[in-house]
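One structure is given below, encoded as structure tokens.
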Number of protein chains: 2
Amino acid sequence: MASPKVSPLPHIVVIGAGFGGLAFVRHFPAPAARLTLIDRQNHHLFQPLLYQVATAGLAAVDIAQPVRTIFGGRPNLEVIMGEVTGFDLPGKRVRHTRGELSYDYLVIAAGGVTNYFGHPEWEQVAPGLKTLDDALRIRRQVLCSFENAETESDPAKREAAMSIVVIGGGPTGVELAGTFAELTRTVLNKDFDRIDPSKARVLLIEGSPRVLATFPPELSASAQRQLEKLGVEVRTGMRVEAIRRGEVVAGGQTIRADNIIWGAGVVAVPVARQLGVEADRAGRIKVLPDLSVPGFPGVFAVGDIVTLVDAKGVTVPGVAQGAMQMGRHAARVIARELRGEKLAPPGREPFVYRDKGSMATIGRSAAVADINGVHLSGYPAWLAWLTVHLLFLIGFRNRISVLLQWTYSYLTYKRGARIITGLSGEKSAGSA
Amino acid sequence: MASPKVSPLPHIVVIGAGFGGLAFVRHFPAPAARLTLIDRQNHHLFQPLLYQVATAGLAAVDIAQPVRTIFGGRPNLEVIMGEVTGFDLPGKRVRHTRGELSYDYLVIAAGGVTNYFGHPEWEQVAPGLKTLDDALRIRRQVLCSFENAETESDPAKREAAMSIVVIGGGPTGVELAGTFAELTRTVLNKDFDRIDPSKARVLLIEGSPRVLATFPPELSASAQRQLEKLGVEVRTGMRVEAIRRGEVVAGGQTIRADNIIWGAGVVAVPVARQLGVEADRAGRIKVLPDLSVPGFPGVFAVGDIVTLVDAKGVTVPGVAQGAMQMGRHAARVIARELRGEKLAPPGREPFVYRDKGSMATIGRSAAVADINGVHLSGYPAWLAWLTVHLLFLIGFRNRISVLLQWTYSYLTYKRGARIITGLSGEKSAGSA
């Protein structure tokens, strides 16, 4: 370190600037400890809108905010852009790509990565959607694919270039499929001479019997109807057997498509293994009810990296709300201990998840929402979704910019972010 | 081709969707011929603001617009995203990465690339600024470099990480140096704990005796004063002898800097060689006064790919204005011929450049402008620059978005685009 600051305050290291890590820093009283927040990226990503970047509705910077800006001026906080490489829990130390940190408390909010369920080779041919670079890669690929179709003389190849297969019928898959159908039918359809993008095939494949399986069945059915109205072919109960470049084998059929997108699952970053603590099959740490890691009362884990049935018997879902509430809870527990309320882990306040409802958007004026048992579909659900997401977007500029772009898109059916970049760095189909 | 359209109209192929190619299409009467516009990218780039993307002031999509959108709905126009690979001028054919085109008229508006003056190896260590990917690469490198400095314990390495050397004192170099000085002193300076970015070194190196050599000497002097006021070290009459990773040798000195940016020159894309026609040292085609290529009255070249002393003895400068005026001229000449006014090349209307003035911006409220001999400096020049660039920006959304971001930056001294992406794809210093 350049000039190590000597401080009598206890030191808390927070790993990850996602929803969980950010909520921790937000809710922790600044004077009570010295905080170090470390993340691989220099920005917080508003993941619920990542699909909008992938589908050319928003620019990358609209949904990301530099971490240093978010907490600019906050005392007792240091931000490091770096990747954690190892832990020494008994010695209370964390190693990262730029050095080492010792801590009094550790908050692990490292999040998740795309889960290919034992097929890591599929990543090359079916990109997932977890980072800005993922979103830009998908956008580039789909837009280039339609450029290929425009000059392709072989009808079968042209059809494959105009086919988008989305694997996974959860919120991400539904959002991607719906928005791609909309993009081809209301935006790209005006742009080409030889092909008719409104005839593009958008296929959503889900292994379980219905899309949005965590929603009430009535809303799943509504979501499927809304998707089909937009032109999406929905195939439920269909298992993917193989994925190759330009080809998906599912339900015994071979589907040719130049655009295959993986929206099927999330697995915790492989931290549990490094920590040597117990985890579930998705690599999520089994924390105690107070969110601490068993055997290490000073180590907390929050967000997608955690699996937990809360004190009321509810399995905490891997969504932004869950991560934020856990981050806040950890902040409260640690702050109380530092104020002198010494409580052994079993006596520490257990975490209780408060379900504020779930929503999934499908397209323009199309969505489903389940808010405290009130089920909404279509336009009212979409309005609710829009309001909530705008209110939650971090940072003034982003909110205005996103509002502006949505209004523009809504009125004109154009999409501002339809720019293909990064061709020189990547061997993409479009540069061939 | 998918389904070749048979048309009795003459066919004009336009290569390049920069200012020259766009102006041609804009000004050519749509019913008079069938047009095919081909470009490597899917977007037109507003190059005068590219330095703003490199310095984290604007997002990539703010200064780019899909070509298909710009001309959406225009009859008799086809857009191809592809790269031209060869010419058959006698046979009137153009080969490209997706096929081949025959033409009646050809308009070459392929533009320029960064000129390393015989040192192509410098490209790896000193990126130029011609494409969106260049700008994003520079942004990523500089932002990562300050992240490196924050955790660097070796003072010499820390200083190198906080040093930015801009080579070339033309408008691009001046804009980059001024804006980087501003970025470090008014934006980044609030963000870090251990380093003081306002102490970052920004060095502008120019080989000739003054910056902005094409401007009146009085404005060059003013630009240098404004740069120095912002904290830029300006070194004129200093020749660059060598560039290595992290090191520039110039004027006998070795300067250590992790950020080296090349703003020193532009050379025509290597089309003249492929065409087999006469070119100058920078590869620019020596066109006839009517902008046609000698020996081929149906082939025109416009913009940065051309070198020309116009009918009034003025050397047409390689700026957007020049390219746009040439594109319009070629459109007029071809349209007149197609209306039956058959004029042999020597009798065709010669091109005359109309100098509408030149401007260079240096930073917030800092610029110089020379408009019909009226010399402006500082705030008035900056206001003039701002107005002209907003008015010229293509596309409604971009204009609003840019205006919004500039207003936001002006009022808050923040920069919204300070997001580092693309780390996974590139072995950058920040991911080490």
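Proteins come first, then strands; the chains are lettered A, B, ... in the order of their sequence lines, and each starts at number 1. Hydrogens, waters and symmetry mates are skipped; everything else that's a heavy atom, side chains included, is used. The structure presented is a predicted model; accordingly, all values stated were derived computationally and were not measured.
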*Is B:E159 atom CD crowded by more than 12 heavy atoms from other residues, nucleotides or ligands, each under 6.0 Å away?*
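No.
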*Taking everything shown except A:K157 itself, do over 12 heavy atoms lie less than 6.0 Å from its NZ?*
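Result for NZ/A:K157: open.
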Supply the atom-to-atom distance [X] [atom1] to [Y] [atom2], rounded to the nearest 0.5 angstrom.
| X | Y | atom1 | atom2 | value |
| --- | --- | --- | --- | --- |
| B:E147 | A:Q41 | CD | CD | 11.0 Å |
| A:R140 | B:N42 | CZ | CG | 11.5 Å |
| B:T151 | A:H96 | OG1 | NE2 | 7.0 Å |

*Among A:V79, A:L77, A:D191, residue most engaged with chain B (heavy-atom pairs, under 4.5 Å)*: A:D191
_Per-residue contact mode, A:F192 against chain B (heavy atom under 4.5 angstrom)_ = both
*With side chain to side chain contact (heavy atoms under 4.5 Å, CB included) as the test, would you mind laying out the steps for A:I80 and B:E150 before giving the verdict?*
CA-CA 8 Å; A:I80 296 177; B:E150 174 80 348; 5.9 Å; no
*Do the non-hydrogen side-chain atoms of A:R98 and B:E152 ever get within less than 4.5 Å of each other?*
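A side-chain contact is absent here, since even the closest heavy-atom pair is not under 4.5 Å.
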